[in-house]
Visitor: 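Below: one structure in C-alpha cells.
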Amino acid sequence: MPLPIPETSDNPLRALRELLAALRHPEHGCPWDRRQTFASIAPYTLEEAYEVLAAIEQGDMRELREELGDLLLNVAYHARMAEEAGLFDLDDVARGIVEKMIRRHPHVFGEVRHADEAAIKSAWEAQKAQERATKSDQDAPSLQGSALDGVALALPALTRAVKLEKRAARVGFDWPDAASVFPKIEEELQELRAGIAAQDAANIFEEVGDILFAVTNLARKLGVDPEAALRACNAKFESRFKGMEDLARQDGVALENLDLLEQEALYQRVKKMLSV
C-alpha cells in the first residue's frame, strides 16, 4: 500500500520530516533507507557539505539552493534516526543551535557591549572554551580538559591542522611571525632527506606529515586558508593538464607518448595561453 505523499506547499520542513518517516517506515519504506545508520550516512553528509562549498566558489546560486537542500536532507536524516532511537529529534537539533547562538551573542540579545569586532571574537572564543570545559566536566569530571578538545577528527587534515595550531596559539604556543616558520620547514625538509637517504619508509611518512603541518603553520601566519589554497591549486593544475591534453590532440599525438621535456613544453604553452 503506497504511503501518502508529503505536501510541501504549507509547511516544507514538516513535509521533510514526513518524507523521512515514510522512507524509514519499517514495513512500507525504502529497503535502502531502512538499513542506513549514522555511520553509513556520514560520508554523504560530508560530501554534500563539500558540494555546498563548490557551489559557493562557483557563484552558482541555483546549484547552491539544491546543494543546501541535499545537506538539509542529511541533517534531517540523522535527526530522524536519532528520533527512532529515542535520543533526540529535528526540533531538538534546531532548539539546541538557537539556544547556543543566543548564548554566544550576548552583545545582540543582552546588555553586553564590545569595543570592536576583535573583542567580539575574543568573547566568542572564551564562551566556546567555557562550553567545552563544562562539557568535559560532565563527560569526564575527573579529567582535566585540553585546549585542543573539540577539534573534530572528521575535518579535512589541512583544516584540522590549522584549528589545532590556533588552539595551541591561544595559550602562547606559537611562532611570533611567518618568517619564523621558514627555518622549521627547512628543518623538516632536511629530516625528510635523511629519511629518504636511509630508505626508512616509516620516517619518510612521518616527515612528510611534519612538512605539511609546518606549511599549514606558515599559511596560518600569512592569513591563508591552506585548504582553500590547495583547492585553488588543484583547479589550476586540472585546467592546465587538460589544456596539455588538448594541445597534444591538436598536434596529433597522445600525451602519454611524449617524453617529459615535450610534456613540459606543452605545460609552458598552456600556462602562457591561460595567463593571456
Visitor: Side chain to side chain contact (heavy atoms under 4.5 Å, CB included) for E63 and E51? Distances and angles first, verdict last.
Guide: CA-CA 9 Å; E63 186 71 11; E51 290 183 357; 5.9 Å; no

Visitor: From R80 CZ over to D89 CG, what is the distance, rounded to the nearest 0.5 angstrom?
Guide: 9.5 Å

Visitor: Does K184 pair with E188 as a salt bridge, N-O distance under 4.0 Å?
Guide: yes

Visitor: May I ask whether L212 and L192 are part of the same hydrophobic cluster, defined by side-chain heavy atoms of I, L, V, M, F, W, Y residues being less than 4.5 angstrom apart, directly or through others?
Guide: yes

Visitor: Do any N or O atoms from the side chain of S40 and from the backbone of Q36 form a donor-acceptor pair under 3.5 angstrom?
Guide: no

Visitor: Taking atom types as modelled and ignoring hydrogens, do the side chains of E264 and Q268 form a donor-acceptor contact shorter than 3.5 angstrom?
Guide: yes

Visitor: Does CD1 in I97 sit with more than 12 non-hydrogen atoms of other residues, nucleotides or ligands closer than 6.0 Å?
Guide: yes

Visitor: Quick check against the 3.5 Å criterion: does R167 have a side-chain atom that pairs as donor or acceptor with the backbone of D149?
Guide: yes

Visitor: Does L222 share a hydrophobic cluster with I185, counting links as ILVMFWY side-chain heavy atoms below 4.5 Å and allowing steps through other members?
Guide: yes

Visitor: Please check: side-chain N/O of K221 versus main-chain N/O of V181, any donor-acceptor pairing under 3.5 Å?
Guide: no

Visitor: Counting heavy atoms not belonging to E117, are there more than 12 under 6.0 Å from its CD?
Guide: no

Visitor: Is E238 salt-bridged to K242, cutoff N-O under 4.0 Å?
Guide: yes

Visitor: M61, V52: one ILVMFWY side-chain cluster at the under-4.5 Å cut-off?
Guide: yes

Visitor: Same hydrophobic cluster for L148 and L155, using side-chain heavy-atom links shorter than 4.5 Å among ILVMFWY?
Guide: yes

Visitor: Please check: side-chain N/O of D259 versus main-chain N/O of L261, any donor-acceptor pairing under 3.5 Å?
Guide: yes

Visitor: Within a 6.0 Å radius of atom CZ on R113, are there more than 12 heavy atoms belonging to other residues, nucleotides or ligands?
Guide: yes

Visitor: Spell out, as yes or no, whether a donor-acceptor pair under 3.5 Å connects the side chain of E245 to the backbone of L255.
Guide: no

Visitor: What's the separation between atom CG in N74 and atom CD1 in I41, rounded to the nearest 0.5 Å?
Guide: 6.5 Å

Visitor: What do the steps show when you test E83 against L90 for side chain to side chain contact (heavy atoms under 4.5 Å, CB included), and what is the final call?
Guide: CA-CA 8 Å; E83 184 177 358; L90 189 58; over 6 Å; no

Visitor: Are L23 and L73 connected in the hydrophobic side-chain network, where two residues link if heavy atoms are under 4.5 Å apart?
Guide: yes

Visitor: Quick one: do the R231 and N234 side chains pair a donor with an acceptor below 3.5 Å?
Guide: no

Visitor: Please report, to 0.1 Å, the donor-acceptor pairs under 3.5 Å made by any side chain of residues 199-208, with sequence neighbours excluded.
Guide:
| residue | atom | partner | partner atom | Å |
| --- | --- | --- | --- | --- |
| D200 | OD1 | A202 | N | 3.3 |
| D200 | OD1 | N203 | N | 3.1 |

Visitor: Would you compute the distance between atom CE of M101 and atom NE2 of H105 and round it to the nearest 0.5 angstrom?
Guide: 4.5 Å

Visitor: Would you give the length of the straight line joining atom NE2 of H25 to atom SG of C30, rounded to the nearest 0.5 angstrom?
Guide: 13.5 Å

Visitor: Distance check, rounded to the nearest 0.5 Å: H114 atom NE2 versus D116 atom CG?
Guide: 10.0 Å

Visitor: Kindly state each residue pair satisfying ring pair (Phe, Tyr, Trp, His ring centres under 6.0 Å) with at least one member in residues 243-275, sequence neighbours excluded.
Guide: none

Visitor: Just wondering, are more than 12 heavy atoms of other shown residues or ligands nearer than 6.0 Å to OH in Y44?
Guide: no

Visitor: So, taking the atom named CG in D33 and the one named CG in L20, what distance separates them when rounded to the nearest 0.5 Å?
Guide: 8.0 Å

Visitor: Could you go through Y77 and M81, starting from their C-alpha distance and side-chain angles, then the distance that decides it, and tell me whether this counts as side chain to side chain contact (heavy atoms under 4.5 Å, CB included)?
Guide: CA-CA 6 Å; Y77 210 118; M81 291 187 289; 3.8 Å; yes

Visitor: Run R240 and K236 through side chain to side chain contact (heavy atoms under 4.5 Å, CB included) and show every step you take.
Guide: CA-CA 6 Å; R240 289 176 177 179; K236 179 174 65 178; 3.6 Å; yes

